[in-house]
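The structure under discussion appears below in the form of C-alpha cells.
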Amino acid sequence: MERKTLDQREEMSDLERLRHSCAHVMAAAIAKLWPDAQFADGPAVDNGFYYDVELSHRITPEDFPKIEAEMKAITKANAPFERVIVSRAEALKLGETGHLGALADRSVPSKFKLDLLKDIPEGEDISCYRSGDFLDLCAGPHVMRTGNIRAFKLTTVASAYYKGDEKNPQLQRIYGTAFPNKTELDAYFAMLEEAKKRDHRKIGAEMGLYVMDTEYTGPGLPLWLPKGAAICEQLEKLAKETEFAGGYVLVKTPHVAKEKMYKTSGHLPYYAESMFPPMEVKEAGEGTETADRYYLKAMNCPHHHRIFAAEQRSYRDLPLRLAEYGCCYRYEQSGELFGLMRVRSLNMNDSHIYCTPEQFAAEFNAVNEMYLKYFKIFGLEKYQMRFSTSAPEGMGKKYVDEPELWKQTEDMVRHVLKDSGINYIEVPNEAAFYGPKIDVQVWSAIGREFTIATNQVDFAVPKRFGLTYRDKDNTDKTPLCIHRAPLGTHERFIGFLIEHYAGNFPLWLAPEQVRVLTIGEDAAVVEFARGILNELRAAMVRADADYGTDKINGKIQRAEQAKVHTMLVVGPRDVAAGAVSVRVHGKGNQGVKPRAEVIANILQAIRERCP
RNA sequence: GCCGGCGUAGCUCAAUCGGCAGAGCAUCUGAUUUGUAAUCAGAAGGUUGUCGGUUCAAGUCCGACCGUCGGCUCCA
C-alpha cells in the first residue's frame, strides 16, 4: 500500500476519520477477545474500513456479534484518542514487547507493526494512538473520543495478502462500516439491498440474456441467448455506423495465430499465463515433419499490425484506422471471473489507428470525442478518466526502454487532454508496456471498479513488427499506433449497461422492443394484431405477440416482468377504429392512438436511439 | 492461483438431533372469450454438484474434486 503523505492525511474527511477510528475500536475488541492477534493495516476505504489481522482463530460472521458487543463497550467507555509522538527507539521497543496493536505488553513482538515502522522515513514523526488500553502505531488522525463512534457494523471477512503481495502471508481482513448516526447506517444497508437487485448476474438470468454453461462450455465463457445477442447486435451496429462515419475501415482476422505472432509482439512469454495454452499442430510431409504452436488470440493488435504490413504504405495512406469486433480469449485466473464483467472470451470493440506524429493529436482527440458521444447516448455520467503514465523505475522492465519516446508521447496525450478540457486524473506507473493510456473507470452496482473503455498509445510494438511507411522525404518511418476500445468488450459493456439501466433498456436496445397483446380470441383481432406484428418485423423491430387465451392483465403482467419496452394492446374496439392502445414498461398506459402513428413513433425512437 | 462461505426440481426456497425429499412460480394437459400488473383444475418434474468415506441409516457428518459467491492478486 502507498504511504499517504502528510498533506493527504490532513485532507482526511470527517467520515474517513470516523471510520479509521472505528477500525481501531474493532482492533481493540479483537485484541481483547484474542490477545495473540497480530495487526497489520487498518485504513478507511470507500464504504467503510477494514483491519488486516493474523490470528490463529478463524474469524467468521458468527463472531461478529461478539466483536460488536466489545466494540459497543469500548465506545460506551468514551476514552479519548491520544496522540503520542515517540522516538524510533521507543517505537521499536513497543514493537519488540508486542505492545503495538495490543492492549498490553506481550511475549511476542508486533511483527507487522515493526515492519511498517521501517517504511516511515527518518526524520518524520512516529506517532502512536492510545484509546483506553489499546495502543497502535498510527499516523491518524482520529475522532476525539471513542464515544464519537455511534453507528457501526461489521460486514464481511475475507483474506488479503500482507501489503497486497502474493508472496506475503495471507491475513484475515475484517470489513466494517461506520456512519455518523444510525439513520445513515441503515440507509447505507438499504441502498446495498437495492444495488443487489441491479446486479447484472441476477437480471441477466431473469431476462434470459446469457447463461454460463460451466459444465459444457466452461467457466467465463458466456453463451449469449437470443435476447442478449440482440443487445450485442445493436452495440455493434452503433459502433460500425460511428466508425464508418469516422473514416475507419473494417477488417476481419482469425481467432488463432502462430507462436511467432506473439513472440514478435512481445506478449510471449510475459503474457503467457493470461493466454490459453498453445495447440501443437503437426504437418506430416515427404520425409519431413513440421510442428507449429498455435495460440488463441488474446488481443487483436498483432493481427492488425500484420494487415498494416500486408501492403506498401505511404504517408498519404495515413492515418489508417483498422476496426474489428474481434473475439479474444484470455485465460483469466478462476478467482478473477465475475459474471459478464470478467470473462475468458471477449468481443472487443477494437481498432488500431496508425498515424504520423503530426497526426497524433487530432487522432487521439477524435477518439476521446467518440467516447463522449457514446457516453451521451447511454446517459453515462458517473465515470472517471484515468491517464496512466510510466515511471522511471519501471524503464526497461515494466516498460519498453525508450525514455525519450515515453516523455514525448505522455506530453502529447497530456496536451490533448488539457486542450479538450476533459476532466481526468493522472496515475503514474500504470501505463501499458508499450505506451501511456487513458482508461475510463466505472463502478458496478455492488461498487466494484472496472475499466469500461480504453485508449492507448503504442510507440513500441509497430517497431517490433518492422512496420513502416514511406514519408515525404523518401525515408521509411515507423508509425505511431493508437489502440482504442470505446465500448470495451460486449461482455463487460453489456454487464455494465444491465446495471446502469437496471434491465430497463431504452427502446433501441431493448431485447424485446414491442409485444402485441390481444384481448379475446376473435379472429379479426388476431388478424389485426398479426398485421401490426408483421409490419414491425418487416421494419427490423424486435417484436413478438401474445395471442394466448389469458386475461389481458395476465399478459401485461408477463410482459412487464419480461421488461418488454412497449406493449400494444389490441381488442375488438381497436380493430374497428384502426387504433392501438400503447403501454410503456414502467410507465403504464399511454392511451389509444392511430396504428400508423404508433408504428411511426416506434421507428423514429429506434432510429434516433432515444434514451 | 490464494483464503473463506455456499451448492436441494428450470427459478426462489423448505426439510427439527443423522430417520419415507416438499411448497410457490415456471413447464405440460384440459377448461375459461377476457380492456391495462397474475383465471381455474390436473399432471409431470430429483442418483440433493461429482466421487469417495463414516453409519443399521447421509440432503444433513468427514475428505477430495468441480462450480459459484465475498475478498486478495490480476485485468477490457
Side-chain angles (χ1 to χ4, degrees), chain A residues 50 52 58-62 155-175 199 201-202 205-206 208 211-215 218-220 271 273-274 298-300 328 330-343 346-350 430 432 437 439-442 446 448-456 483-493 495-496 517-523 525 548-561 567-574 581-592:
Chain A
Y50 66 77
D52 283 346
R58 173 70 56 192
I59 293 179
T60 69
E62 280 90 75
T155 49
T156 52
V157 54
S159 83
Y161 300 104
Y162 177 57
K163 286 186 169 174
D165 191 331
E166 258 179 308
K167 292 187 280 292
N168 286 337
Q170 282 199 310
L171 308 174
Q172 301 188 58
R173 176 168 293 181
I174 302 141
Y175 283 90
D199 192 314
R201 293 167 296 186
K202 184 176 158 68
E206 283 167 358
V211 288
M212 289 291 182
D213 186 359
T214 55
E215 193 181 349
Y271 199 76
E273 65 176 36
S274 290
M299 59 283 301
N300 301 303
C328 298
R330 297 182 184 175
Y331 195 76
E332 304 290 356
Q333 295 186 40
S334 60
E336 290 163 353
L337 300 175
F338 178 68
L340 283 177
M341 300 292 205
R342 193 75 182 276
V343 292
L346 24 98
N347 288 278
M348 297 181 76
N349 168 223
D350 214 354
E430 285 290 324
K437 61 177 180 173
D439 290 323
V440 182
Q441 303 302 110
V442 295
I446 56 173
R448 207 180 285 198
E449 183 176 336
F450 284 98
T451 299
I452 198 76
T454 188
N455 188 5
Q456 314 179 346
H483 305 234
R484 45 107 279 180
L487 297 179
T489 64
H490 277 332
E491 289 73 16
R492 186 173 289 181
F493 204 81
F496 171 77
L517 312 176
T518 56
I519 300 171
E521 276 187 283
D522 187 78
V525 170
T549 62
D550 299 298
K551 281 165 66 175
I552 190 64
N553 279 343
K555 295 185 183 183
I556 285 171
Q557 167 84 8
R558 272 192 300 285
E560 288 281 359
Q561 280 177 348
M567 288 149 273
L568 301 180
V569 177
V570 298
R573 292 204 302 252
D574 305 302
S581 165
V582 180
R583 183 186 169 99
V584 174
H585 172 58
K587 295 198 179 118
N589 194 347
Q590 307 289 299
V592 179

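Proteins come first, then strands; the chains are lettered A, B, ... in the order of their sequence lines, and each starts at number 1. As the structure is a prediction and not an experimental result, all values here were calculated from the model.
Stem regions for RNA chain B, each three or more consecutive Watson-Crick or G-U pairs with both distances under 3.5 Å and listed by first number, read B:1-7 with B:66-72, B:10-13 with B:22-25, B:27-31 with B:39-43, B:49-53 with B:61-65.
Of the two residues contacting RNA chain B, namely A:G220 and A:G591, the nearest-nucleotide position lying further toward the 5' end is that of A:G591. When the nearest nucleotides of RNA chain B are assigned to A:Q561 and A:G488 by heavy-atom distance, the more 5′-ward of the two goes with A:Q561.
For the residue pair A:N347 and A:E491, a side-chain donor N or O sits within less than 3.5 Å of a side-chain acceptor on the partner.
Here A:R342 pairs with A:E332, A:E336, A:F338, A:R492 under the side chain to side chain contact (heavy atoms under 4.5 Å, CB included) rule; sequence neighbours left out. Scored by the side-chain hydrogen bond (donor to acceptor under 3.5 Å, both in side chains) test, A:D550 finds A:R558 as partners (sequence neighbours excluded). Residues passing the side-chain hydrogen bond (donor to acceptor under 3.5 Å, both in side chains) test with A:T454, sequence neighbours excluded: A:D439, A:Q456. By the side chain to side chain contact (heavy atoms under 4.5 Å, CB included) test, A:Q590 pairs with A:V582, A:V584, A:K587, A:K593, sequence neighbours left out. Here A:H490 pairs with A:Y325 under the ring-ring contact (aromatic ring centres under 6.0 Å, His included) rule; sequence neighbours left out. For A:N589, the side chain to side chain contact (heavy atoms under 4.5 Å, CB included) criterion is met by A:S581, not counting sequence neighbours. Residues satisfying the side-chain hydrogen bond (donor to acceptor under 3.5 Å, both in side chains) test with A:N300, not counting sequence neighbours, are A:K297, A:D350.
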Scan nucleotides 1-14 of chain B nucleotide by nucleotide, 5' to 3', and note B when protein non-hydrogen atoms come under 4.0 Å of the base, S if they reach only the sugar-phosphate, - if neither. BBBS----------

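A donor-acceptor contact under 3.5 Å is formed by the side chain of A:D574 with the base of B:G35. Between the side chain of A:R484 and the base of B:A76 there is no donor-acceptor pair of N/O atoms closer than 3.5 Å. Taking only distance into account, the side chain of A:T549 never meets the base of B:U33 through a donor-acceptor pair shorter than 3.5 Å.
Closest approach to the A:R330 side chain among B:A76, B:U34, B:A38 is made by B:A76 (side chain taken as heavy atoms from C-beta onward). When each of B:A37, B:G67, B:A76 is scored by its nearest atom to the side-chain atoms of A:I556, the top-ranked nucleotide is B:A37. Nearest to the side-chain atoms of A:K551 among the listed nucleotides B:C74, B:U34, B:G71 stands B:U34. Proximity note for A:I519 (side chain, C-beta onward) versus B:G35, B:A76, B:C72: the nearest is B:G35. Which of B:G70, B:A38, B:C75 sits closest to the side chain of A:N553 comes down to B:A38. Closest to the side chain of A:T214, from the set B:C75, B:G67, B:A37, is B:G67.
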I would like to know whether A:Y175 and A:V157 meet side-chain contact (heavy atoms from CB on, under 4.5 Å); could you show each step before the answer? CA-CA 6 Å; A:Y175 283 90; A:V157 54; over 6 Å; no

